[in-house]
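Excluded from the calculations below are hydrogen atoms, water molecules and symmetry mates; all remaining heavy atoms, backbone and side chain alike, are included. Every number for a ligand or one of its atoms is a count from 1 in the order of the listing.
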Amino acid sequence: MSAKEYNFDGLVGPTHNYAGLSSGNVASMRNREAVSNPRQAALQGLDKMLALADRGVPQGVLPPLARPNLALLRQLGFGGEDAAVVARAAREEPRLLAAAYSASAMWTANAATVSPSADTTDGRVHFTPANLYAKLHRAQEHADTARSLRAVFGNSQRFAVHDALPAGGAFGDEGAANHTRFATAHGSPGVELFVYGRSEFDAAVAAPRVHAARQTVEASRAVARLHGLHEARVVYVQQNPAAIDAGVFHNDVIAVGNLDTLLYHEDAFADEAAAMDRLASACAEVGVTLRPVRIARGQMSVDDAVASYLFNSQLLARGDGRMLLVVPQECREHERVSRVLDELVASGGPIAEVQSFDLRQSMRNGGGPACLRLRVVLTEAERAALRGRVLMTAELHRDLSDWVRRHYRDRLAAEDLADPRLIGEVRAALAELQQILELPGLYPQAG
Ligand code: SUG
């Protein structure tokens with residue numbers, strides 16, 4: 001069946017800030033307490049969405065989550081009126097206030113794992129929101145993420161939006177950031193690759209030493225079961241623990257795949273040869289001859305990958321059967337990495353073209369082009385079953401950019417989170433956003 005891959009980017013929320021909440025994520029730690037510009041962050045994201053939509057890449061948008069998460073702060077013992085909750089948290093536990101204000105849902109690669117209807121036994125598109133258990137500020141996302149996915153993908157004949165996996169370390173799940181799909185065409189049956197960092201139960205799986213691995217193999221297996229995937233078309237591969245220790249907190253910081261192509265660094269996986277063998281034979285089952293594009297240590301190191309985010313790129317099919325690689329601008333500012341990009345294009349391999357975007361605001365929190373998007377393969381009938389005004393057009397881009405300019409601050413420092421006016425500003429913004437996106441009731445508190 002013919003189907004297209006839609007990239008649903010997260011609309012950056014009005015409280016985008018740098019709180020240094022993600023140990024193991026080099027950029028997040030380095031920029032802790034830097035001053036952010038939420039307005040610029042949102043506009044940078046919207047401009048990428050429109051530029052890709054204009055090139056014919058199907059593009060959607062997913063809304064930000066309501067912040068601050070006052071329910072979280074109340075659950076942690078901060079009581080009283082909304083302003084009092086914020087004031088006391090700011091005084092006593094500013095890190096918790098920052099978590100409650102985090103705009104981290106913008107990285108929709110972590111919103112869920114998605115399996116297209118061509119892969120699932122019941123013929124529906126399946127979504128499992130990621131529990132993001134590893135970090136407090138991210139672990140608060142999944143219930144609201146499930147709510148917004150159910151708003152957009154609410155047609156239960158076409159879509160199944162599961163609840164997140166159970167809380168607890170055994171099922172740490174980071175969603176599509178650790179998931180890649182291979183197929184002859186987006187609408188054909190595919191192979192789904194799940195990359196994990198550790199195992200809760202299998203002591204033979206060596207865990208990283210410095211940073212905690214966020215994804216367990218047990219979580220990956222549970223998602224594959226929930227989605228009704230065929231065993232022969234699922235491959236589980238362990239991430240290289242040394243790469244996690246070097247700052248590769250998600251597999252999409254070291255590898256990206258699309259259709260028959262996998263662009264990856266030789267240090268991405270714990271056992272490269274075995275991983276590539278298993279992947280290639282599973283791909284053969286669905287008629288895909290895997291085209292690995294391997295970047296060797298000699299070309300660039302894992303540190304270069306973390307610094308530039310070369311692999312956190314979008315690998316997109318062009319009309320002519322070759323591929324476009326969408327990279328963050330930082331790749332062109334890094335001499336070695338920029339050379340690798342030029343070599344990739346000159347090699348005559350699957351990547352025909354590289355396009356770079358200024359996503360600096362998101363990049364400073366460790367989020368490149370691939371983090372900002374959730375890939376959802378949809379048939380025409382499934383696309384017609386979407387709810388809301390969520391597919392990117394010049395008009396939607398104009399309305400959202402105008403909304404951002406009217407509601408967002410251009411400066412947010414750590415101390416600004418204590419400003420009680422921010423609560424009302426965000427509420428007013430979100431109340432209007434649900435109208436623009438034609439998703440009434442999306443934010444119950446926003447009225
Ligand atoms: O989970 N950064 C995010 C970045 C997520 C990137 N996503 C993918 N690789 N798919 C994270 O570490 C930083 C927030 C802060 O420090 O304020 C943050 O959450």
Plane angle bin for Phe153 and Phe127 - parallel if under 30°, tilted between 30 and 60°, otherwise perpendicular: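 Phe127 vs Phe153 ring planes: tilted.
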Parallel, tilted or perpendicular: rings of His227 and His162 (30°, 60°): parallel
Gap separating the OG atom of Ser199 from the CD atom of Gln238, nearest 0.5 angstrom: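 These two atoms lie 9.0 Å from each other.
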Separation between NE2 of His250 and CG of Asn178, rounded to the nearest 0.5 Å: 6.0 Å
[X]: heavy atom below 4.0 Å from ligand 1, yes or no?
X	value
Leu132	no
Arg214	yes
Ser102	no
Arg32	no

Nearest option to atom 19 (O) of ligand 1, as decided by whichever heavy atom of His137, Arg30, Glu33 sits closest: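 Among His137, Arg30, Glu33, the closest heavy atom to atom 19 (O) of ligand 1 belongs to His137.
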For atom 7 (N) of ligand 1, the option (of Ala130, Ser22, Cys371) bearing the nearest heavy atom: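 Heavy atom nearest to atom 7 (N) of ligand 1 belongs to Cys371.
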Contact between [X] and [Y] at the side-chain level, heavy atoms closer than 4.5 Å - yes or no?
X	Y	result
Ser115	Glu192	yes
Leu11	Leu46	yes
Leu259	Met323	yes
Arg409	Glu425	yes

Residues Arg332, Asp342: salt bridge by 4.0 Å N-O rule: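 Result for this pair is yes, salt bridge flagged.
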Salt bridge Arg138-Glu141, side-chain N to carboxylate O under 4.0 Å: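 Result for this pair is yes, salt bridge flagged.
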Heavy-atom contacts under 4.0 Å between [X] and ligand 1: side chain, backbone, both, or neither?
X	result
Asn110	side chain
Asn365	both
Arg138	side chain
Ala109	side chain

Contact check: Gly20 vs ligand 1, nitrogen or oxygen atoms, below 3.5 angstrom: yes
Leu21-ligand 1 polar pair, N/O distance under 3.5 Å: yes
Atoms in ligand 1 with a heavy atom of [X] nearer than 4.0 Å:
X	result
Asn17	17 (O)
Gly366	4 (C), 6 (C)
Asn25	2 (N), 3 (C), 4 (C), 11 (C), 12 (O)
Ser28	13 (C), 15 (C), 16 (O)
Ala177	10 (N)

Glu335 atom CD: more than 12 heavy-atom contacts under 6.0 Å: no
Atom 10 (N) of ligand 1: nearest protein contact (heavy atom, Å):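 I find the closest protein heavy atom is Asp252 OD2, 2.7 Å.
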Nearest non-hydrogen protein atom, atom 17 (O) of ligand 1: Ala19 N, 3.0 Å
Geometric cation-pi criterion Arg364 and Tyr18, 6.0 Å radius, 45° cone: yes
